[in-house]
Amino acid sequence: MSELKYYFFHSEKRKIVPFQDETTNQLAKIKLDQIKVSEVFNSIPQKFKDNWLDVALYNPSGDLSKADALILNPEDGAYSLSNKINHLTGKHWTRFSKSWFVFDALQSDIKEEKAITSAAGLNSEDHPATYSPTMMMDFINFFTKEGEVVLDPFNGIGSTMVACDRTARRGVGIELNEKYYEITRLRTKQKVFHGSCENLKEILKKNSIEQVDFSISSPPYWNILQRSTGDFEKKRSKRNLDIKYSDKEIDLGNIDSYQEFIDRTADVYFQIYDALKPGGYLVVIVKNVKKGGVNYPLAWDLAKKLTEKYTLKDEKIWCQDQVALAPFGYPFAWTSNIVHHYCLIFRKELK
Ligand SMILES: C[S@@+](CC[C@H](N)C(=O)[O-])C[C@H]1O[C@@H](n2cnc3c(N)ncnc32)[C@H](O)[C@@H]1O
């Protein structure tokens, strides 16, 4: 058997190992040749297509007749040919399913965006609240397959679009602030529109985008930038960096009324509902906030509102571990330093 190339793997003591029988491996090779010329081949991950000669079949209990998963590298787990949502193996799928994660901005991402924008005389740090393309990649890899369309209606400086570049997805972004839009144009060639996402329906229609497969975004956290601690404002003003997104009335970050903010933001996500494929997912990254000593459960209120159309599946909690803490409340009362965000996960159900 030392010369045998393995085309069939099974599970032994919770490990994926080659099946030690020559005839079964030869039969597996015939089955793989059939898959190569069948329709299902089109829908498998590119990595498997590119390395097809090294791909093997897999069934945990060693039953070749029931093998409907592929192995490229046993360490990465098996990819099910019935996978409807993404291109992940069971191992990577399970890893993402944890309901919380810790993520702090990656220096490599920051360096990359700074280098691209400063060469054009702009500064990516001007945007006061961005997230990282690396963090977005995990969500995009879970909720889409390669080539699918990802929409970010609150594009900012285009972190979601850069994540689309890195994962071979097609991005669509909308951003109100011209400078952030320009920064995005420097970072990516994905389809990004300068305008208000309150006109999302018209923007999609005008650009012949009929359906999107997934949407992920982070809206303004109400008008919270306007109550930012003096420290935040002082430090950023000193460096000549923006302390809010814009002065425009149509900027959702400038709405004073909490309820109006919830309603208008929800309306943007309801417009997305109409464009989202049936069975598609929507992720909204948002935080509960405090203002003038009052708690506003923004994430929970927005979640409740969006269930008028979507099904709320649940959330992944994003924890930041490198944010400087302030002695809020000390020495009289409990007040937290809020260093977690809710990545709310919704689905447009198949009817
Ligand atoms: C929390 S930031 C998103 C940052 C983005 N995720 C990134 O990493 O760059 C919210 C963005 O929404 C934009 N925005 C506010 N009102 C908008 C509107 N009506 N239409 C489109 N974008 C809007 C702001 O300019 C801001 O860039």
Side-chain angles (χ1 to χ4, degrees), residues 105-141 144 146-220 225 236 239-254 265 268-269 271-272 275 283-285:
L106 282 187
Q107 280 313 313
S108 53
D109 280 337
I110 295 172
K111 245 175 145 175
E112 182 185 290
E113 69 196 36
K114 265 193 189 164
I116 294 168
T117 50
S118 63
L122 289 165
N123 184 357
S124 55
E125 277 188 285
D126 238 338
H127 194 294
T130 62
Y131 50 44
S132 154
T134 301
M135 191 176 107
M136 283 305 94
M137 285 167 67
D138 287 345
F139 283 88
I140 290 171
N141 277 330
T144 58
E146 291 151 12
E148 289 193 326
V149 177
V150 178
L151 169 65
D152 184 343
F154 297 101
N155 171 86
I157 60 167
S159 315
T160 305
M161 300 300 113
V162 173
C164 287
D165 288 337
R166 294 185 192 169
T167 54
R169 269 60 169 183
R170 289 178 290 153
V172 176
I174 302 174
E175 173 55 45
L176 186 66
N177 180 310
E178 193 167 1
K179 185 170 43 180
Y180 306 154
Y181 165 79
E182 289 303 336
I183 290 176
T184 306
R185 299 249 42 89
L186 294 170
R187 295 176 78 197
T188 176
K189 291 198 165 45
Q190 300 284 357
K191 278 191 180 145
V192 182
F193 305 106
H194 178 219
S196 171
C197 57
E198 290 191 278
N199 303 323
L200 189 129
K201 228 176 205 162
E202 290 97 287
I203 293 173
L204 295 188
K205 189 164 178 224
K206 202 170 143 207
N207 293 284
S208 307
I209 299 163
E210 276 155 28
Q211 185 170 280
V212 301
D213 298 295
F214 172 55
S215 175
I216 184 160
S217 58
S218 177
L225 289 178
R236 290 187 65 89
R239 296 179 60 209
N240 223 1
L241 298 172
D242 294 350
I243 47 174
K244 57 194 239 179
Y245 303 128
S246 73
D247 291 320
K248 292 186 176 147
E249 250 177 62
I250 49 168
D251 180 335
L252 298 185
N254 289 335
T265 305
V268 172
Y269 291 118
Q271 291 187 52
I272 292 176
V283 173
V284 178
I285 302 179

Hey, is K248 close enough to E198 for a salt bridge, meaning N to O under 4.0 Å?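 Looking at K248 and E198, the cut-off is not met.
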
Hey, does [Y] have a side-chain heavy atom less than 4.5 Å from the side chain of [X]?
X    : Y    : answer
M136 : V150 : no
F154 : P220 : yes
P219 : V268 : no
N207 : K191 : no
N141 : R169 : yes
L241 : P128 : no

Criterion side chain to side chain contact (heavy atoms under 4.5 Å, CB included) on D165 and M161, from CA distance to verdict: CA-CA 6 Å; D165 288 337; M161 300 300 113; 5.6 Å; no

Please evaluate residues E175 and I183 with respect to the criterion side chain to side chain contact (heavy atoms under 4.5 Å, CB included), reporting the C-alpha separation (whole Å), side-chain torsions for both, the decisive distance (0.1 Å), and the verdict. CA-CA 11 Å; E175 173 55 45; I183 290 176; over 6 Å; no

Least distance between heavy atoms, [X] atom then [Y] atom:
X    : Y    : value
I216 : Y131 : O-OH, 4.1 Å
I285 : M135 : CD1-CE, 4.2 Å
S196 : I174 : C-CG2, 4.0 Å
Q271 : N199 : OE1-C, 4.0 Å
I140 : A163 : CD1-CB, 3.7 Å
R187 : P133 : NH2-CG, 3.6 Å

Side chain to side chain contact (heavy atoms under 4.5 Å, CB included) assessment of V172 paired with L204: CA-CA 9 Å; V172 176; L204 295 188; 4.3 Å; yes

Sidechain-backbone polar pair: [X] side chain, [Y] backbone, donor-acceptor under 3.5 Å:
X    : Y    : result
N177 : S246 : no
N254 : E249 : no
R236 : D126 : yes

How long is the straight-line distance from [atom2] of [Y] back to [atom1] of [X], given to the nearest 0.5 Å?
X    : Y    : atom1 : atom2 : value
R185 : L122 : CZ    : CG    : 13.0 Å
I157 : T188 : CD1   : OG1   : 12.0 Å
I203 : F193 : CD1   : CZ    : 7.5 Å
D152 : F214 : CG    : CZ    : 10.0 Å
I116 : T184 : CD1   : OG1   : 11.0 Å
I110 : T130 : CD1   : OG1   : 7.5 Å

Any side-chain donor near an acceptor of the partner, Y269 and S215, under 3.5 Å: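 Side-chain D/A pair, Y269 to S215: absent.
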
Residue pairs involving residues 166-186 (criterion ring-ring contact (aromatic ring centres under 6.0 Å, His included); sequence neighbours excluded): H127-Y180, Y181-H194

Kindly write out the residues that satisfy salt bridge (Lys or Arg N to Asp or Glu O under 4.0 Å) with E202, not counting sequence neighbours, or none if the list is empty.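 E202 satisfies salt bridge (Lys or Arg N to Asp or Glu O under 4.0 Å) with no other residue.
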
Would T134 and R166 count as a side chain to side chain contact (heavy atoms under 4.5 Å, CB included) if you check the C-alpha gap in whole Å, the side-chain angles of each, and the deciding distance to 0.1 Å? CA-CA 9 Å; T134 301; R166 294 185 192 169; 3.3 Å; yes

Tell me, please, which residues at least two apart from K205 pass side chain to side chain contact (heavy atoms under 4.5 Å, CB included). none

Scan I209, L200, T160 and name whichever one has a side-chain contact (heavy atoms from CB on, under 4.5 Å) with L151.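 Of all the options given, the one that passes is L200.
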
